[in-house]
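Heavy atoms only: backbone and side chains are in, while hydrogens, waters and symmetry mates are out. Per chain, numbering begins at 1; letters A, B, ... match sequence-line order.
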Amino acid sequence: MNLAQQLINGLVLGSGYALIAIGWTVLLGAARLVNFAHGQLYMLAAFIAWAAMAHLGVNYFVAVPIAVLALGLLGIVLQGMMLRLVMQQNLTSLMIVTLGFGYLFQGGAARLFGGNPERFISPLQTSEIRFGDIWFTWQDVLTLVCTLLLFGALWLVLNRTRLGALVRSVAEDPKLAQLFGINATLVYIGVFVFECAAVALGAGLVAPRSPILTSMGFDEVILTFVVVVLGGIGSVVGSLVAGFGLGLFTALFGALVSPAYTTAAAFALLLVVLVARPRGLGAR
Amino acid sequence: MKALATPAALILAALAYFVPSVAGGAPVVYAACTSIAILAVMAYGADLILSYLGEVSLGHTIFWAAGGYAASMLAVNAGWNGWQTAGAAIVVSLVLAAALGLATLRTREFVFSLVTYAAAVVAMEVAFNWPFLGGSDGIVGVPPLELTLFGHGINGAGDAALWPVAWALLMLTLLFIERFRQSRLGTSALMVQMNPDLAQALGVDARAVRFLVFVTSAPISALAGWLYAYQRAYVGPDMFESYFLVLMLTAIVVVGRRLLLGPLIGTALIIVQQTFFSIGGDGDKIVLGAVLAAILLLWPKGLIGLWDVLRRPPASARSPTAPARRQ
């Protein structure tokens with residue numbers, strides 16, 4: 001095993017995990033909403049970008065923003081429908097509703113895009129960089145840079161701006177925030193739109209690594225689960241650390257122990273942590 | 001009223017037995033009825049958690065699959081009969097539920113759901129990769145179900161032959177759920193869900209109640225999986241598919257939570273749609289997902305909520321196990 005290569009792989013995987021997870025982390029932190037359609041949103045974004053390239057003939061760098069925009073709009077629609085339950089904080093029903101949405105998207109996408117694996121190709125995926133026997137692609141570099149930029153920008157917005165203060169106050173106590181004249185409805189919609197747009201960006205950058213399927217759904221993003229919970233509910237920095245940590249863990253576990261059981265090992269790790277600390281590692 | 005309840009229930013149960021033959025007795029009818037009974041029993045396992053604890057367990061596919069795997073492996077490899085494999089299914093599911101129940105003892109709400117989901121993912125990956133459990137091929141060639149008592153009973157395969165067993169299992173499950181609703185555990189569970197402070201003041205140990213309800217629910221889904229293995233003569237990692245999870249949850253919420261017959265009617269509606277009014281596999285997914293989301297968004301109480309709208313003021317003779325909802 002080439003340790004340096006595995007570390008690179010871990011960083012590449014980890015930046016993908018963190019990027020796909022970030023929208024969910026923010027949503028969970030601000031609205032306490034678990035979106036079980038997250039994986040299907042990822043799938044939809046990948047297919048929208050693919051369809052834009054295959055049918056509209058646009059190039060990759062236009063297709064990804066189209067997917068981000070489309071998912072953002074979808075986010076407004078979805079959150080609009082769920083608003084009553086969100087305002088009641090009826091979390092049990094919301095979780096089940098998002099499971100229903102996910103199933104709906106999966107069936108709908110299979111109808112719309114067909115059941116065959118498609119190749120969603122980024123031009124950067126094939127341009128490799130080599131240092132001796134270590135290699136990675138420009139797509140990996142782009143993913144890493146975008147992840148760091150997005151996390152940095154998000155941290156600044158949440159912690160250093162008026163907008164961030166609004167989101168944090170609604171997260172802390174929605175009723176009290178409303179008493180102070182904050183429009184919690186708008187904050188919830190904004191947060192949900194951010195989740196959808198962020199997962200679309202994640203799909204645009206990460207999905208080109210392998211063929212895409214309408215049935216991939218949760219399996220593709222299942223590890224972001226671990227990132228969200230391990231990083232601590234709603235913690236931006238925690239998610240970034242957890243994302244990279246999990247990336248390194250997966251790369252090393254896959255290389256050293258067994259690639260087949262990597263997901264199971266990551267979840268076993270999550271179970272152990274949750275038994276010890278039910279609110280996640282980053283919990284206050 | 002109350003004195004008539006038991007005979008009425010017995011008559012309904014007996015009538016239910018003749019549903020497939022009255023409906024024409026065609027193979028597809030038997031297949032649908034047997035599937036409804038099996039999948040309804042599966043849903044009742046998750047119903048115990050969702051309706052009475054108020055939590056969403058996303059891990060009941062584990063118990064469902066555990067029952068199926070226990071039955072097929074022991075029937076195929078050791079030649080065990082139906083009683084023995086059923087006993088094994090119960091024991092295996094109890095052990096798994098106890099382990100998962102302990103792991104989730106301190107978790108609530110979405111963390112509970114995430115952990116149970118995580119456990120299901122781990123279980124699926126293990127089933128998919130472990131040659132002992134048949135790996136991705138699963139276990140094929142499950143023999144006909146051999147279930148005899150005092151020299152009588154069935155030794156059969158196929159939906160028509162399995163219908164009496166499926167019917168009996170469903171009736172036993174209904175009886176069990178009804179007893180559970182009136183039991184100390186059932187009422188304690190509701191109290192813990194509705195008013196945790198009151199429960200604590202009355203000396204109810206919330207964690208113990210949650211743990212016991214979780215463990216109690218597992219063998220129900222496991223026995224459904226047990227019969228499913230004989231119905232299909234095959235088990236595989238597809239028992240962990242989200243189809244079963246979505247089906248369980250939809251069946252529970254579509255009619256209304258905390259109703260004895262709710263999950264059965266819900267399952268029947270879904271399976272009848274998928275058997276007789278199917279619009280293709282993907283189309284059925286759209287229907288199932290849309291129904292699940294729409295019910296909770298429009299009538300959070302389920303279809304029974306429509307009844308409340310039609311009948312005002314609400315009936316005073318509410319069942320004691322259906323108190324007002326939280327919030």
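In this structure, the portions of A:Ile96 lying under 4.5 Å from any heavy atom of chain B include both its backbone and its side chain. A:Ala268 touches chain B through its backbone: at least one of N, CA, C or O sits under 4.5 Å from a heavy atom, while the side chain does not. A:Leu28 touches chain B through its side chain: at least one heavy atom from C-beta onward sits under 4.5 Å away, while N, CA, C and O do not. Contact of A:Met82 with chain B is made through backbone and side chain together, with heavy-atom distances under 4.5 Å. For a residue to count as touching a neighbouring chain, one of its non-hydrogen atoms must lie under 4.5 Å from one of that chain's; by this rule B:Val115 touches chain A with backbone and side chain alike. For B:Tyr243, the parts lying near chain A are the backbone and the side chain together; criterion is any non-hydrogen pair under 4.5 Å. Interface remark: B:Leu58 contributes side-chain atoms only to the contact with chain A (heavy atom separation under 4.5 Å). Of the atoms belonging to B:Leu50, it is side-chain heavy atoms, and not backbone ones, that fall under 4.5 Å from chain A. Looking at B:Leu296, both its backbone and its side chain come within 4.5 Å of chain A, counting heavy atoms on both sides.
When atom types are taken as modelled, the side chain of B:Glu125 and the backbone of A:Thr263 share a donor-acceptor pair closer than 3.5 angstrom. Using a distance-only test at 3.5 Å, with no hydrogens or angles considered, a donor-acceptor pair links the side chain of A:Arg84 to the main chain of B:Leu297.
Surrounding CZ of B:Phe276 are more than 12 heavy atoms belonging to other residues, nucleotides or ligands, all under 6.0 Å away.
Of the residues considered (B:Leu245, B:Leu249, B:Val246, B:Leu102), B:Val246 shows the highest number of contacts with chain A, using heavy-atom pairs under 4.5 Å. Counting heavy-atom pairs closer than 4.5 Å to chain A, the top-ranked of the candidates B:Val291, B:Thr104, B:Leu292 is B:Leu292. With chain B as partner, the option from A:Val226, A:Val228, A:Val97 having the largest number of non-hydrogen pairs under 4.5 angstrom is A:Val97.
A:Tyr261 contributes atom OH, which lies 5.0 Å from atom CG of B:Asn129 (distance to the nearest 0.5 angstrom). The line from NZ of B:Lys285 to OG of A:Ser215 is 7.0 Å long, rounded to the nearest 0.5 Å.
A:Thr92 and B:Arg257 share no side-chain donor-acceptor pair at under 3.5 Å.
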